[in-house]
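Note that this is a predicted model, so its numbers are computed, not measured. Starting from 1, each residue takes its place in the sequence as its number. Ligands are counted one by one from 1 in listed order, and the atoms in each one are counted from 1 as well.
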Amino acid sequence: MSDTVAGIWQALEKLEKPTLGTLFADPARVADWSTRLDLPGGAIRFDWSKTHLNAAHAAQFDALADAVGFKVKRGAMFAGEVINVTEHRAVEHTALRGIGRDTSVEEATALHLRMKSLVEAIHAGALGEVKHLIHIGIGGSALGPALAIDALTRDGAKVDVQIVSNIDGCALEAAFAKCDPATTLIAVASKTFTTTETMTNADSALNWLRENGVGDPYGRVVALTASPDKAVDWGVDETRVLPFPESVGGRYSLWSSIGFPVALALGWDDFAEFLEGAAAMDRHFLESDGLANLPLRAAYADLYYARLRGCQTRACFAYDERLRLLPSYLQQLEMESNGKSVKADGSPVDGPTAPITWGGVGTDAQHAVFQLLHQGTNLVPVDFIAAIIPGDSLDPAHHRNLLANCFAQGAALMAGKEAKDGARAYPGDRPSATILCEDLNPATLGALIAFHEHRTFANAVLMEINAFDQFGVELGKEIAKSILGGGTKFDASTEALLAEAGIK
Ligand code: F6P
């Protein structure tokens with residue numbers, strides 16, 4: 001850690017820890033810490049007023065951003081420089097939204113045109129009647145499409161999409177049960193086109209087609225990958241391989257051909273709006289600084305809680321059924337990106353890195369886990385996310401109630417309540433942030449996801465770690481391969497489990 005960075009962290013630690021009550025004594029608190037961003041698809045209000053950050057913290061975090069070269073590193077990402085140093089790669093998911101190095105944006109535009117042609121050809125019947133798509137992928141090749149499709153196709157989809165990720169055959173069988181083989185396409189989504197779960201499920205899906213009378217199963221497959229040669233070698237016709245660049249990380253790949261099922265379900269125009277919403281957030285992130293930069297502001301709060309208040313988790317509750325998959329999407333984004341113990345230069349980190357991201361959907365979670373948020377011994381910063389326009393057409397009482405509950409929880413966490421009986425007392429002074437969308441639609445969902453991508457990147461830059469590798473996932477995969485290959489001796493517990501299950 002440089003002396004400057006160390007000095008800033010010491011200064012941050014020495015700052016007084018104000019209560020939310022004290023901060024709210026300032027009549028400008030809400031105006032200063034909430035921002036309404038006009039975006040394609042509607043405004044989104046980002047309210048960070050119920051966090052403990054004050055101007056003194058912000059000044060130190062601004063100094064930290066300067067000391068670690070935040071602006072230079074942000075510029076380097078958008079310029080397509082090699083910022084994923086451990087894998088020697090550029091990081092260019094924003095180019096897929098039209099913001100980035102010119103050559104990368106041109107390449108992304110060409111790849112999108114190819115994807116659009118295939119989507120429109122399928123809609124026009126070029127592959128016969130297509131009622132279902134079984135999208136096979138895992139991690140970043142599944143969580144994004146699952147979230148976007150679940151959020152945006154409540155009123156119906158042009159093609160029914162089943163997303164299958166787990167190697168547990170129960171997952172694929174459940175998808176088969178919902179599909180008619182004669183009218184089903186298979187999308188094999190894998191950046192590397194080597195992932196065991198995906199390739200095993202893809203083989204089984206082809207067998208299912210074959211066994212159910214489909215003469216040319218490979219003719220029903222679309223490949224979504226950064227390794228197009230491998231897809232062709234596996235048997236997919238080149239015309240149905242939709243490539244994406246190596247410089248797009250798996251958990252950032254929803255904007256690439258990995259978004260094919262989203263475009264097929266929604267139609268191209270909606271997918272283009274999704275990209276445009278994300279691009280608007282890219283512009284905001286690129287063009288604003290300090291507290292005015294919303295992902296950076298959120299990262300200041302994240303670091304404040306993780307490093308200065310000892311919070312080991314951060315929770316996200318979507319008060320919108322359509323966003324029920326957002327917490328699991330964010331888990332991969334944040335934990336796979338920033339769950340690290342070394343900095344980009346290989347030296348040990350200066351303090352805790354990514355907290356555990358968890359969450360759920362409101363109001364359900366209120367009746368399950370909110371007890372701990374209000375009265376438990378762990379301090380958990382919470383994000384609430386909601387939309388003003390309802391997604392349903394039932395009695396407006398549903399949505400009024402939903403939003404009232406969302407805002408009530410933030411208010412209750414902050415205010416607390418005194419009681420003579422300790423069991424009934426709420427300590428209060430518990431932080432939350434609220435993201436309130438005017439509407440939830442392709443553009444605002446795109447912006448929301450891009451906000452979280454940039455928040456994750458900003459956290460990584462401030463901690464001086466590389467957000468874009470994920471070596472921590474490898475060891476378990478290697479051991480599983482070794483087990484299946486009849487490999488070496490393991491610890492006694494593992495050996496006993498393998499023996500009892502009859503695997504070895
Ligand atoms: O094992 C982790 C991981 O590499 C993720 O980073 C990635 O999103 C997922 O596996 C799937 O990888 P692929 O798209 O190459 O199949």
Mind checking whether [X] and [Y] have ring centres under 6.0 Å apart?
X	Y	value
F451	F46	yes
W268	F274	no
F244	W255	no
F468	Y252	yes

Chi angles and distances behind the side-chain contact (heavy atoms from CB on, under 4.5 Å) call for D320, I385
CA-CA 8 Å; D320 196 307; I385 305 188; over 6 Å; no

Nitrogen or oxygen atoms of [X] and ligand 1 under 3.5 Å apart:
X	value
S190	yes
V473	no
T198	no

Are any of the heavy atoms in K477 under 4.0 Å away from ligand 1?
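The answer is yes: ligand 1 sits under 4.0 Å from a heavy atom of K477.
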
Is there a heavy atom in Q332 that sits closer than 4.0 Å to ligand 1?
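Distance cut 4.0 Å: Q332 passes for ligand 1.
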
Test item: S288 side-chain N/O and F285 main-chain N/O as donor-acceptor pair under 3.5 Å
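Pair absent, no side-chain N/O of S288 close to backbone of F285.
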
[atom]: which protein heavy atom is closest, and how many Å away?
atom	answer
atom 11 (C) of ligand 1	I138 O, 3.2 Å
atom 7 (C) of ligand 1	G140 N, 4.0 Å
atom 6 (O) of ligand 1	E336 OE1, 3.0 Å
atom 12 (O) of ligand 1	T195 OG1, 3.6 Å

Does only the side chain of T192 get under 4.0 Å from ligand 1, or the backbone, or both, or neither? Count heavy atoms.
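For T192, the contact with ligand 1 is made by both the backbone and the side chain.
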
Give me the ring orientation class for F384 and Y319: parallel if the planes are under 30° apart, tilted from 30 to 60°, perpendicular past 60°.
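The arrangement is perpendicular - the two ring planes meet at more than 60°.
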
